[in-house]
Amino acid sequence: MVWLIEIAVILLLVGGGWTMLTRGKQSEKREALTMRRVDAYIETIRRERRNPELAAMSDSELRDLLHSGARNLKVAEQRKGWIVLGIAAVTVVAASVMGSQHGFVGFAAVAAVGAIVAYGTNEFLERRMRAPLERHGVDVERLTVK
């Protein structure tokens, strides 16, 4: 019973890792969409003038700030994905060892602790990657390309 769960989780981890590795093929389309979003956000900043710090910047400064922020956000998101995937892999290995020694209860306990750690790490890294842009008053959702 436990070995079926182990195989299923390992296949999910391999599939998630493969998805993360092959995501780079769409980078050109993603980069073009990011630049369009940056240009649209610059127009919105100029029109609304809510944030005096951003409104005082020239277009090139604002474009550099927003584009580098979007790029840093993408890199941080990929790093976050790899870290959470690593935590999941460690959790599977630890749960498998515990499951083989203490049965399903041990497996479930370690898997639950691993899920809590993965969730907490994900939330922490999510807030940390958004913080530099939010300090400048940038709406992160306007730059995010999914």
Side-chain angles (χ1 to χ4, degrees), residues 1-45 48 50-55 57 60-146:
M1 170 74 176
V2 172
W3 62 273
L4 285 174
I5 295 171
E6 293 172 3
I7 291 173
V9 172
I10 288 172
L11 287 175
L12 285 172
L13 290 174
V14 168
W18 182 259
T19 301
M20 291 176 76
L21 286 174
T22 59
R23 225 187 316 182
K25 294 179 181 178
Q26 299 176 351
S27 63
E28 291 177 12
K29 292 179 185 178
R30 191 176 170 108
E31 185 69 26
L33 182 58
T34 300
M35 286 308 294
R36 282 190 302 210
R37 284 187 175 239
V38 165
D39 290 337
Y41 193 38
I42 289 172
E43 290 176 18
T44 303
I45 290 169
E48 293 178 354
R50 286 186 189 166
N51 188 337
E53 179 185 346
L54 294 178
M57 291 182 182
S60 62
E61 286 178 314
L62 200 51
R63 184 171 286 108
D64 288 344
L65 173 74
L66 295 175
H67 187 255
S68 67
R71 183 178 301 243
N72 291 342
L73 193 66
K74 183 180 90 170
V75 169
E77 190 173 309
Q78 289 174 347
R79 187 179 315 126
K80 178 187 75 161
W82 283 109
I83 290 171
V84 171
L85 184 65
I87 291 171
V90 169
T91 299
V92 167
V93 170
S96 299
V97 169
M98 189 61 83
S100 66
Q101 293 177 0
H102 297 287
F104 185 73
V105 174
F107 181 86
V110 172
V113 169
I116 291 169
V117 168
Y119 176 77
T121 304
N122 185 44
E123 289 299 313
F124 171 74
L125 293 174
E126 181 79 25
R127 290 181 184 145
R128 189 171 156 212
M129 72 184 199
R130 291 173 173 260
L133 290 172
E134 289 173 348
R135 258 191 312 246
H136 289 290
V138 175
D139 183 13
V140 177
E141 294 301 320
R142 298 199 66 152
L143 296 177
T144 304
V145 176
K146 298 277 179 174

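Residue numbers count from 1 along this sequence.
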Asks: With rounding to the nearest 0.5 angstrom, report the CG to OG distance, Leu65 to Ser60.
Replies: 11.5 Å
Asks: Could you state the interatomic distance from NE2 (His67) to CG (Leu62), rounded to the nearest 0.5 Å?
Replies: 13.0 Å
Asks: My understanding is that only one of Met35, Arg30, Glu31, Arg36 makes a side-chain contact (heavy atoms from CB on, under 4.5 Å) with Leu33; could you say which?
Replies: Arg36
Asks: Of the non-hydrogen atoms in Ala76 and Met129, which two are nearest, and what is the gap between them?
Replies: CB-CB, 3.5 Å
Asks: Find out whether Asp139 and Tyr41 are in side-chain contact, i.e. whether some heavy atom of one side chain is under 4.5 Å from a heavy atom of the other.
Replies: yes
Asks: Tell me the closest heavy-atom pair linking Arg128 and Pro132, and the distance in Å.
Replies: O-CD, 3.4 Å
Asks: Might you point out which heavy atoms bring Thr91 and Ala111 nearest each other, and give the distance in Å?
Replies: CG2-CA, 4.0 Å
Asks: Measure the CD-CG distance between Glu61 and Leu66 for me, rounded to the nearest 0.5 Å.
Replies: 11.5 Å
Asks: Minimum heavy-atom separation for Ala70 and Thr34, please, with both atom names.
Replies: CB-CG2, 3.7 Å
Asks: In Å and rounded to the nearest 0.5 Å, what is the CZ to CD1 distance from Arg63 to Ile42?
Replies: 4.0 Å
Asks: Report yes if the side chains of Leu85 and Trp82 come closer than 4.5 Å at any heavy-atom pair, otherwise no.
Replies: yes
Asks: Counting distance only, does the side-chain N/O of Asn122 pair as donor-acceptor with the main-chain N or O of Ala118 below 3.5 Å?
Replies: no
Asks: For the side chain of Ser100 and the backbone of Val97, is there at least one donor-acceptor N/O pair under 3.5 Å apart?
Replies: yes
Asks: Charged N to carboxylate O below 4.0 Å: is that the case for Glu53 and Arg135?
Replies: no
Asks: Roughly how far, to the nearest 0.5 Å, is the NZ atom of Lys80 from the OG1 atom of Thr121?
Replies: 11.0 Å
Asks: Rounded to the nearest 0.5 Å, what separates atom CD1 in Ile83 from atom CZ in Phe124?
Replies: 9.5 Å
